[in-house]
Participant: 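The structure under discussion is supplied below as structure tokens; questions concerning it will follow.
In what follows, every heavy atom counts, from backbone to side chain, and hydrogens, waters and symmetry copies are set aside. Numbered from 1 within each chain, the chains take letters A, B, ... in sequence-line order.
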2 protein chains.
Amino acid sequence: MSAESVVRVPEDILAEKVRRHLLSAGAQPHDADETTRALMHASRHGVDSHGVRLAPYYVGKIRAGRIRTAPHRVLTSTGPCTAVLDADHGLAHAASYMAMQKAMDCARVSGIGAVGVRNSNHFGAAGAYAIEAAPRGLLGLATCNAEALVSLFGGKHAFHGTNPFAFAAPVPGRKPWLMDMATSSVPFNRVMLYRALGIPLPYGVAVDAAGETTCDAQKATCLHPLGGPEFGFKGAALAGLATLLSAVLTGAAFDPEIVPDSDPRSKEIPGNIGHFFLAINPQHFVGQAGYETAIARYVSAVETATPVDPARPTLVPGDREWAEAERRRATGIPVDPDTARALLI
Amino acid sequence: MSAESVVRVPEDILAEKVRRHLLSAGAQPHDADETTRALMHASRHGVDSHGVRLAPYYVGKIRAGRIRTAPHRVLTSTGPCTAVLDADHGLAHAASYMAMQKAMDCARVSGIGAVGVRNSNHFGAAGAYAIEAAPRGLLGLATCNAEALVSLFGGKHAFHGTNPFAFAAPVPGRKPWLMDMATSSVPFNRVMLYRALGIPLPYGVAVDAAGETTCDAQKATCLHPLGGPEFGFKGAALAGLATLLSAVLTGAAFDPEIVPDSDPRSKEIPGNIGHFFLAINPQHFVGQAGYETAIARYVSAVETATPVDPARPTLVPGDREWAEAERRRATGIPVDPDTARALLI
């Protein structure tokens, strides 16, 4: 986004615009609220790829009949600490918050909770759900699979999605520890951005049609898994782990089976993306006081570690995002022209 | 290991030698069995860094009084799906198998099980424990923290351990899906090997005393997290996740607090390494039949994906290890001269 083409919108106004945009497409009020909540989490924290720019994308899928506006979500407890949710092809955000809530309810009573979701859709930023655990004194994990954009290690074509893992842990008197990362080095829209800007990609993030590493954004057809051409077997295994938990364990489609939006069949075949949520209660492990002491000590050690560049302290995961949220609270959230046209007029 | 200096020993003979070596240092029979089991898992599958060469290392720690031969391990259930184990500074392998067994018992009855371990020691290869879940029809995860060898992203000195994640999933009629990976690109003993061989390191795996990326094995002081100088914030977050689960959640020491063996204080201060084990029962999610169909379909898709090099098919995580185990069953397990001197004479 170049500075001149971007408008900056206060958070509450932008959230209301997103909500109205979703309602105008027929989303039910609760679903519109939950989708807005997830998109605003990302936009607030600077993760614009998973922020409000997705609202018109979801609306397009609603209008094409690929996301249902009146889903019949069925949450089934399967034990004291487990449940499955059939999301019935509705907006994924309400389903994901519901599943995360169930995982947290289990964890509060019984120490841990795991909920798998099937028949769902793109859920935005995984961190939006993991972070729910922190204010409740729990640790939270969220993962999902997605349409194929990342090669296997030594594979020629896209196989896994960018399959993220998000994990949040509460820290007393401080913003939570929050990891939210794709299992590729970069998201595919980074490739698109570099292509538009005409600049070379970093080494080892993308492959060309022959499956070879390329730094030419024009030639990149899909992404390397994290670790690149040398150590990408690690990123590929992590992407596979996301698929095992989100799809194989839940009954969702696995990544190469997910019909991409670009495929005309996507109109007829409903998406069946899977998610997996986990919540852990420290009271059932080291105990509340022991946890609070330990996490504070650990986070403090990260913050005070000696940096290579004295001007750039080592960061606790999430700190970059919390700082960006602070800035955006003051200056508004940047909205690109296409999204502004869809949401703000 | 050069070919002429290595002896090859049949698996059962080697296992007995390891067991006797541990017994000779005073390890109790059950503990010697379990340590042998874990080391043989690694040696059998080609992970020599975590195999029988560790037996003399553990014996050294027993003789120095840093590993207790008569630990009083206390396993405390804290709910239907959770438990904590105080390993009382004994050999970590018996404690880890005990904790994994408890997690699996919880998962079999209640769908999921999570067990945290504190006051433990180096447990060898994480995969040795995760893999236990597969023949029982469960998915298994094992992780631990370890002494500081890996820098933070932008950090000058070692902070996290090589903190591995292992995950295993059963596949009907086939060897399990098995990931077992450090959250650095390479283990530190790879740096030592390259130093001995006088060859340059791959780019982006190690840092020098100034915290800068180096390919000079002589100058490398610690490792980059997975992702290297560009994307190492991902590997560092994963290493942090291992520490959160294994140490912060359990009451173990976190990585920079673990007194390395090289420190004279290590004689007086017992190690307090932590582990975390998780088992998941597919019957409480998609169901047994649904799981078996899905994992078979997923694994088959990985195996039949188009490789870049037709001579090198894309591999399911673990397949390289199963193939190596097959070879070693025929040819014996290679033992380096130092280890042979300790174990075989």
Side-chain angles (χ1 to χ4, degrees), chain A residues 78-82 84 110-112 114 116 118 139 152-157 159 167 169 177 179 181 185 202 210-212 226-227 230-231 233-234 237 240-241 243-244 247-251 254 256 280 282 284-286 290-291 294-295 297-298 301-302 305-309 312 314-315 317, chain B residues 78-82 84 110-112 114 116 118 139 152-157 159 167 169 177 179 181 185 202 210-212 226-227 230-231 233-234 237 240-241 243-244 247-251 254 256 280 282 284-286 290-291 294-295 297-298 301-302 305-309 312 314-315 317:
Chain A
T78 58
C81 300
T82 56
V84 290
S110 301
I112 192 166
R118 65 167 167 269
L139 288 75
L152 289 167
F153 186 65
K156 197 166 175 178
H157 307 302
F159 186 90
F167 193 89
W177 189 101
M179 161 186 118
M181 53 170 264
S185 294
E212 302 292 346
L226 177 64
E230 289 82 18
F231 305 105
F233 57 93
K234 299 197 176 200
L241 176 53
T243 299
L244 290 187
V248 172
L249 193 63
T250 65
F254 58 84
I280 301 174
H284 288 245
F285 294 88
V286 67
Y291 172 78
I295 189 77
R297 214 169 67 235
Y298 171 71
V302 173
T306 310
V308 176
D309 174 355
R312 301 182 65 180
T314 50
L315 293 179
Chain B
T78 57
C81 300
T82 56
V84 290
S110 303
I112 191 166
R118 66 167 167 268
L139 288 74
L152 289 167
F153 186 65
K156 196 166 176 178
H157 308 303
F159 186 91
F167 194 90
W177 188 100
M179 162 186 117
M181 54 170 264
S185 295
E212 302 292 346
L226 177 63
E230 288 83 17
F231 305 105
F233 57 93
K234 299 197 177 202
L241 176 55
T243 300
L244 290 189
V248 172
L249 193 64
T250 65
F254 60 82
I280 300 174
H284 288 243
F285 292 90
V286 67
Y291 173 78
I295 189 76
R297 213 168 69 234
Y298 171 71
V302 173
T306 310
V308 175
D309 174 354
R312 303 184 64 181
T314 49
L315 293 178

Participant: Between chain A and each of Val248(B), Thr314(B), Leu226(B), count heavy-atom pairs under 4.5 Å; write down the option with the most.
Facilitator: Val248(B)
Participant: Taking Gly251(A), Ala237(A), Ala305(A) one by one, which has the highest count of heavy-atom pairs under 4.5 Å against chain B?
Facilitator: Ala237(A)
Participant: Under 4.5 Å from any heavy atom of chain A, what part of Ser110(B) do you find: side chain, backbone, both or neither?
Facilitator: both
Participant: Which value, rounded to the nearest 0.5 Å, describes the distance between Thr306(B) atom OG1 and His157(A) atom NE2?
Facilitator: 4.0 Å
Participant: Please classify the contact of Ala169(B) with chain A as side chain, backbone, both or neither, using a heavy-atom distance under 4.5 Å.
Facilitator: side chain
Participant: Considering only heavy atoms, which portion of Leu152(A) lies under 4.5 Å from any heavy atom of chain B: side chain, backbone, both, or neither?
Facilitator: side chain
Participant: I need the residue from Thr250(A), Asp309(A), Val308(A), Val302(A) with the largest number of non-hydrogen atom pairs under 4.5 Å to chain B.
Facilitator: Val308(A)
Participant: Chain A: which of Gly79(B), Pro317(B), Gly155(B), Gly111(B) shares the most heavy-atom pairs with it under 4.5 Å?
Facilitator: Gly155(B)
Participant: Select, from Leu139(A), Leu244(A), Ile295(A), the one with the greatest count of heavy-atom pairs under 4.5 Å involving chain B.
Facilitator: Leu244(A)
Participant: Under a 4.5 Å heavy-atom cut-off, does chain B meet the side chain of Val84(A), its backbone, both or neither?
Facilitator: side chain
Participant: Using every non-hydrogen atom in the two residues, find where Phe231(A) and Ser185(B) come nearest and quote the distance to one decimal.
Facilitator: CD2-O, 3.6 Å
Participant: Does any backbone or side-chain atom of Tyr298(B) lie under 4.5 Å from a heavy atom of chain A? Answer side chain, backbone, both or neither.
Facilitator: both
Participant: Tell me every residue that passes side-chain contact (heavy atoms from CB on, under 4.5 Å) with Pro256(A), counting only those two or more places apart in sequence or in another chain.
Facilitator: Phe159(A), Phe254(A)
Participant: Is it the side chain or the backbone of Pro307(A) that comes within 4.5 Å of chain B heavy atoms, both, or neither?
Facilitator: both
Participant: The criterion is side-chain contact (heavy atoms from CB on, under 4.5 Å); which residues satisfy it with Thr82(A), sequence neighbours excluded?
Facilitator: Thr78(A), Ile112(B), His284(B), Phe285(B)
Participant: Pick from Tyr291(A), Phe233(A), Phe167(A): which one has the most heavy-atom pairs with chain B under 4.5 Å?
Facilitator: Phe167(A)
Participant: Tell me, out of Lys234(A), Arg118(A), Lys156(A), who's got the most heavy-atom pairs with chain B below 4.5 Å.
Facilitator: Lys234(A)
Participant: Could you tell me which of Gly290(B), Pro202(B), Gly211(B), Gly154(B) has the largest number of non-hydrogen atom pairs under 4.5 Å with chain A?
Facilitator: Gly154(B)
Participant: Could you check which of Gly240(A), Gly227(A), Pro282(A) has the highest count of heavy-atom pairs closer than 4.5 Å to chain B?
Facilitator: Gly240(A)
